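Please read these numbers as outputs of a predicted model, since none were measured by experiment. Throughout, protein chains are lettered first and strands after them, A, B, ... in sequence-line order, and every chain is numbered starting at 1.
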Protein chains: 2
Amino acid sequence: MGRWEPDAVGRLRTAALELFVERSYEQTTVADIAERAGLTARTFFRHFPDKREVLFQGSERLEQTMVDALLQTPDGVSAMTAVATAMGAAGSYFGDIQAFARRRRDVIAMNAELRERELIKLAKLSASLADALAQRGIDAIEARLAAETGMAVFRLAFDLWLADGEHRRFDAIAADLLRRLARLAPGA
Amino acid sequence: MGRWEPDAVGRLRTAALELFVERSYEQTTVADIAERAGLTARTFFRHFPDKREVLFQGSERLEQTMVDALLQTPDGVSAMTAVATAMGAAGSYFGDIQAFARRRRDVIAMNAELRERELIKLAKLSASLADALAQRGIDAIEARLAAETGMAVFRLAFDLWLADGEHRRFDAIAADLLRRLARLAPGA
DNA sequence: GTCTATAGGGCGATAGAC
DNA sequence: GTCTATCGCCCTATAGAC
């Protein structure tokens, strides 16, 4: 046993989600979160740059997973195929955390600031995918177009994945949406 | 002459953009903005729900313009064609405000909170377009897919429109990107 | 760990326009 | 009288500085 209880970050994360569910994000102060985790507000801010981030830290790992998958696709595959592969990797990453993801989604849906933060995380992810595509020799604009479009599919797939009664895996839903998109696009 | 100088909102907007350019968003307090506009901080918050919003209020009009254009497309046009029409309306709406838009873009690019706010405005726009499409009888998921994809194109087109040396109109750029997207998508 | 500036909300007062 | 835009003062929580 060390001098402190272990896993301060994990305890803060758990405490935060619990409190946000119990009494909403706005009605929870950083001091409340820290107290439940047995820490002080000052300690909270040493682990998270701001109050919102306690729900979002960890997205770097998803990003890395998707970028890695994209970069490992064989040479010569199309931009959209590479993006589809990255989406498949996200599916494996998500696995069966639906119950947790649903609680988290509900908290985020109720608060504008949290929705903003979620969007910027996805925008970062999009930029990383575009970089990775460009790194593979794809034209810069085409790379951004494919990445942004891919993220549009990602957002919608994530939403559907968490919908009531949905039983398919994330990547199956994403693949289905990509197919529908292909049918949609030629009209322009 | 009334008791107060007219157009408090306009004065606050101008003062804010000036100060953000002069000394950055972070280094400008709401009191600074209000002072330059000849008002107090309390009055600022009566017109804008928060400090960020002073740069974004007005986006409702763009949204209305695009939704109206979308709804006025003839019956039977495809989802992507309707979205393309909305994009064309946005082009007319933007007209020749490039100089202003560039200053605004530079301020926003320098601050994470402002980027977040911009993203949520675009997400709202996307949701409105999806609603409008659904209202026209398009399947709900297809509507969201088309709207999200359209917004991906919108974001990129806006970016390119403000790039140095760009001389085309916004809608010309958007139309070009939609064409490129159509070529990209079938690969999936 | 303490100290502080700023965001942003609540409530009431005021001074015009009508 | 009402309605509306402004200001003043109080407050708390966030988040950064020291």
Side-chain angles (χ1 to χ4, degrees), chain A residues 2-5 8-9 11-57 59 107-108 110-121, chain B residues 1-58 107-108 110-121:
Chain A
R3 181 154 158 219
W4 299 285
E5 294 297 316
V9 169
R11 271 152 50 219
L12 286 167
R13 256 204 278 263
T14 307
L17 186 58
E18 281 173 13
L19 286 163
F20 295 164
V21 169
E22 286 171 24
R23 63 171 99 136
S24 89
Y25 175 81
E26 292 94 338
Q27 295 302 310
T28 303
T29 71
V30 170
D32 294 335
I33 300 167
E35 192 190 3
R36 182 167 296 195
L39 300 164
T40 69
R42 186 67 186 81
T43 306
F44 178 95
F45 283 111
R46 290 203 301 111
H47 291 291
F48 304 99
D50 61 49
K51 180 178 161 188
R52 280 175 280 174
E53 196 63 15
V54 72
L55 279 175
F56 293 95
Q57 221 178 58
S59 63
V107 168
I108 292 172
M110 278 178 51
N111 182 271
E113 289 180 36
L114 293 175
R115 269 177 280 141
E116 292 184 351
R117 179 57 56 89
E118 174 137 282
L119 291 173
I120 209 163
K121 293 288 178 179
Chain B
M1 285 289 279
R3 177 170 166 221
W4 300 286
E5 295 297 316
D7 193 22
V9 168
R11 271 153 49 220
L12 286 167
R13 255 204 278 264
T14 307
L17 186 58
E18 282 173 11
L19 286 164
F20 295 164
V21 168
E22 287 172 24
R23 62 171 101 135
S24 90
Y25 175 81
E26 292 95 338
Q27 293 304 310
T28 303
T29 70
V30 171
D32 294 335
I33 300 167
E35 192 191 2
R36 181 167 295 194
L39 299 164
T40 68
R42 200 63 199 82
T43 303
F44 178 96
F45 284 112
R46 203 168 317 283
H47 291 290
F48 304 99
D50 61 50
K51 182 178 160 187
R52 298 181 269 308
E53 196 64 14
V54 73
L55 279 176
F56 293 94
Q57 221 178 57
V107 168
I108 292 171
M110 279 179 49
N111 182 273
E113 289 180 36
L114 293 175
R115 269 177 280 142
E116 292 184 352
R117 179 57 55 89
E118 174 138 281
L119 290 173
I120 209 163
K121 293 289 176 177

> Within a radius of less than 6.0 Å around CD of A:Q57, do more than 12 heavy atoms belonging to other residues, nucleotides or ligands occur?
yes
> Between B:E5 and B:R11, is the closest basic N to carboxylate O distance under 4.0 Å?
no
> Quick one: ring pair (Phe, Tyr, Trp, His ring centres under 6.0 Å) pairs with a partner in residues 30-50 of chain B, sequence neighbours left out?
B:F44-B:F48
> Please check if the number of heavy atoms outside B:E113 that lie under 6.0 Å from its CD is greater than 12.
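Yes, enclosed.
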> Given D:dT6, is OP1 or OP2 found less than 4.0 Å from the side-chain N or O atoms of B:H47?
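So the side chain of B:H47 is within the cut-off, an N or O lying under 4.0 Å from OP1 or OP2 of D:dT6.
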> In terms of heavy-atom contacts, does CD of A:Q27 have more than 12 from other residues, nucleotides or ligands at under 6.0 Å?
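Counting other residues, nucleotides and ligands, CD of A:Q27 stays at 12 neighbours or fewer.
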> Of the non-hydrogen atoms in B:R13 and B:V54, which two are nearest, and what is the gap between them?
CG-O, 3.4 Å
> Could you grab the distance from atom CZ of B:R52 to atom CD of B:E118, nearest 0.5 Å is fine?
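It comes to 13.5 Å.
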> Measure the distance from CZ on A:R46 to P on D:dG16 and round it to the nearest whole Å.
15 Å
> Taking CG from B:L39 and C1' from D:dG8, how many angstroms apart are they, rounded to a whole number?
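Going from CG in B:L39 over to C1' in D:dG8 covers 14 Å.
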> Does the distance from a Lys or Arg side-chain N to an Asp or Glu carboxylate O, for B:E26 and B:K51, drop under 4.0 Å?
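A salt bridge is absent here (no side-chain N lies under 4.0 Å from a carboxylate O).
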> Base contacts versus sugar-phosphate-only contacts with protein, heavy atoms under 4.0 Å: please encode nucleotides 1-9 of chain C as B, S and - from 5' to 3'.
BB---SSBS
> Just the rounded figure in Å: distance from P of D:dT6 to CG of B:D7.
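After rounding, the reported distance stands at 10 Å.
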> Looking at five pairs on each end of the helix from C:dG1-D:dC18 to C:dC18-D:dG1, what is the angle between the two axes, given to 10 degrees?
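Taking the rotation axis at each end, their angle is 10°.
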> A:E53 has an atom CD; how far is it from atom C1' of D:dT14, in whole Å?
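So the CD-C1' distance, A:E53 to D:dT14, works out to 15 Å.
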> Return the value, rounded to whole Å, for the distance between atom CZ of A:R23 and atom P of D:dA13.
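After rounding, the gap between these two atoms is 11 Å.
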